[in-house]
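Here is the structure we will look at, set down as structure tokens.
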Amino acid sequence: MDLSPFETDNSVSCRLASQIPDVCRTEDCCLGIDEAGRGPVLGPMVYGICFCPVSKKQELKESKVADSKTLTEAERENLFQKLDEAKSYIGWALHIISPNTISTSMLQRSKYNLNALSHDSAIDLVQFALDSGVQLKEVFVDTVGPADKYEEKLSKRFPGIEVTVRPKADSLFPIVSAASICAKVARDHVVKGWNFAEDLGEVDSAYGSGYPSDPKTKAWLLKCLDPVFGYPQFVRFSWSTAQTLMDSKGVTVHWDDDDEDGEKAAQRHNNRSMLAYFSASAGGNDQNPTRQTHRFFTERRLKSLDTL
Amino acid sequence: MSSNTSVTRVLVSSVGEAQRVPVHLMPCEIEHNGPAQVSQYLTATTKDCKLEKTVSFRGRGLKGQELSCPNGYTGLVLKEINKSGSDQEDRTVKVSSVFDKLTYWNLETPPNSDDTVVMAMDWPELAEAIHGPVED
């Protein structure tokens, strides 16, 4: 699996795909969707699709693809090799959602949550298969959220395709297992060889699985915390694990769209640092009630040196 | 009324020793006064696109651009020395670094001509017009 398109810039998301097998453009096909790396506080979330002609379902089943979570890393690698060898009739595509995209989306002013991000990613991949000429008839999706609503959403979006959304679909439908293997293999590779964009020299690579519950991951997060910047872009800042550590060990950062109660904010502004010179609520005239500062200056946050 | 009774003195002589440094104006308040690994975290991950620079800070997307100081002006970073407890006493600040351009960042919004710091650069020209010598 060549991950270089993502690795050259791992701060943004990226789509990777196999060649489209010719037979998938002429025969009715089924397609499976699964994700890898939804829970971890580190690294990307990877969405994967895998597709093949409906007539090849049995062959796929015999290749013993199984839910990627029940397999060891080596077994997954092997199965991915097998899928790759079957490229005459099996195709795949991945959407690697960078941890930086996850952080900035979830923490955006107008919040874009992980479910929406996941659904959009799945929809993009199905559309990509359609645009590539794959004759899609059946789509199987693994989900963690409520299946009914998601199924309805996808059916509406892709009329004429029979959509099945099921929890644990990765252990029920071989084509979903195959998608899950592609996604998990890609995530494992990316996480293992993470190329830090920050200029941090040698970064300790003992970050474990990336799950917040993994003691190795916890220890790594504690060790790598920078008091001002928090973490490299490898970490999902929107995860409570990261937020809690930054709150307790890092310096406090206030944004103008923070939910902060008025009294607290007022208190803070009475005790302001030089930085407050630039803050949103720095009116011009609060220190000198006898002379109103002209709007020209307050709008530009210009102050005389004496009033700082 | 502190501003009327006390004086802030700038040690202009310290300009000579001050280093020219890259300056970033952030769209947030960071409760920290002191060194920070700016080049390692911020500069190293900043992307230069056609119309704007992009970076993220604490997981939030920032968009910004470089802004030059008005012609004939130098930017100063001032540091208070012997900070006094009372605001009645005179204050002294020294120049800790100088800059002739800065990078300012907006939270998610692309940089534009309505940004406060861009508008602030109108002042020198206006000041010249209203305070400058009158020609006959």
Side-chain angles (χ1 to χ4, degrees), chain A residues 9 11-12 99-100 102-110 196-201 226-233 235-239 242-243 246 250-258 268 272-276 278-280 287-291 296-297 299-302 304-308, chain B residues 1-10 25-47 54-62 76-80 87 90-91 93 104-109 114-124 126-127:
Chain A
D9 181 1
S11 70
V12 293
N100 186 50
I102 296 174
S103 303
T104 53
S105 300
M106 290 176 72
L107 298 174
Q108 212 169 278
R109 256 181 222 276
S110 49
F196 287 85
E198 293 77 12
D199 186 10
L200 301 173
D226 177 90
V228 175
F229 292 93
Y231 289 108
Q233 291 176 347
V235 174
R236 301 180 187 173
F237 284 78
S238 43
W239 255 235
Q243 299 256 354
M246 286 188 294
V251 304
T252 309
V253 171
H254 302 273
W255 299 92
D256 63 11
D257 60 349
D258 280 347
R268 189 157 58 76
R272 53 175 60 154
S273 68
M274 286 291 274
L275 281 169
F278 302 118
S279 82
Q287 303 203 1
N288 188 353
T290 57
R291 220 176 98 196
F296 178 88
F297 298 103
E299 278 177 357
R300 288 164 178 76
R301 289 188 212 142
L302 288 167
S304 131
L305 184 63
D306 277 349
T307 62
L308 287 176
Chain B
M1 303 282 280
S2 59
S3 52
N4 288 348
T5 53
S6 72
V7 178
T8 302
R9 209 172 275 119
V10 181
L25 178 55
M26 303 296 279
C28 55
E29 207 178 321
I30 303 166
E31 289 191 8
H32 175 70
N33 277 312
Q37 307 214 64
V38 177
S39 64
Q40 290 90 330
Y41 281 89
L42 202 73
T43 318
T45 56
T46 297
K47 281 194 220 159
T54 58
V55 79
S56 59
F57 176 67
R58 293 262 182 133
R60 306 216 57 180
L62 309 184
L76 305 179
V77 179
L78 303 175
K79 198 169 186 177
E80 186 159 14
D87 54 5
D90 289 357
R91 300 164 77 189
V93 294
Y104 78 89
W105 298 100
N106 290 340
L107 176 59
E108 294 162 15
T109 318
D114 287 341
D115 291 327
T116 311
V117 66
V118 176
M119 293 202 302
M121 300 303 172
D122 297 341
W123 173 237
L126 186 62

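Every chain is numbered from 1, with letters handed out A, B, ... down the list of sequences.
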**Request:** Taking all non-hydrogen atoms of both residues into account, name the closest pair between A:F296 and B:L126 and its distance.
**Result:** CZ-CD2, 3.5 Å

**Complete:** Here the gap from A:F297 atom CZ to B:W123 atom CH2, rounded to the nearest 0.5 Å, amounts to 3.5 Å

**Fill in**
Whatever's closer than 4.5 Å to a heavy atom in chain B on A:Q108 counts as both

**Asked** Most heavy-atom pairs under 4.5 angstrom with chain A, which of B:V117, B:T116, B:D122, B:T8?
**Response** B:T116

**Message:** To the closest 0.5 Å, what do you measure between OH (A:Y231) and CZ (B:R58)?
**Reply:** 9.5 Å

**Asked** Any side-chain heavy atom of B:K47 sitting closer than 4.5 Å to one from A:V12?
**Response** yes

**Rounded distance (nearest 0.5 Å) linking atom CD of A:E198 with atom CG of B:L42** = 10.0 Å

**Prompt:** Would you say the side-chain atoms of B:R60 pair up with the backbone N or O of A:L107, donor to acceptor, closer than 3.5 Å?
**Reply:** yes

**Region of B:L76 in contact with chain A, defined by heavy-atom distances below 4.5 Å** = neither

**Message:** Under a 3.5 Å distance rule, please check whether B:E108 uses its side chain to pair with a backbone N or O of A:R109 as donor and acceptor.
**Reply:** yes

**Item:** Portion of B:V10 that has a non-hydrogen atom of chain A nearer than 4.5 angstrom
**Value:** side chain

**Asked** Under a 4.5 Å cut-off applied to non-hydrogen side-chain atoms, are A:V228 and B:Y41 in contact?
**Response** no

**Prompt:** Between CZ of A:F196 and OG1 of B:T45, what distance do you get to the nearest 0.5 Å?
**Reply:** 13.0 Å

**Fill in**
Given A:D257, A:V235, A:T252, the one with more heavy-atom pairs under 4.5 angstrom with chain B than any other is A:T252

**Item:** A:S238 versus chain B, the contacting section by heavy-atom distance below 4.5 Å
**Value:** neither

**Prompt:** What is the minimum heavy-atom distance between B:P27 and A:W255, and which atoms define it?
**Reply:** O-CE3, 3.8 Å

**Complete:** Cut-off 4.5 Å, heavy atoms of chain B, and the answer for A:P99 is neither

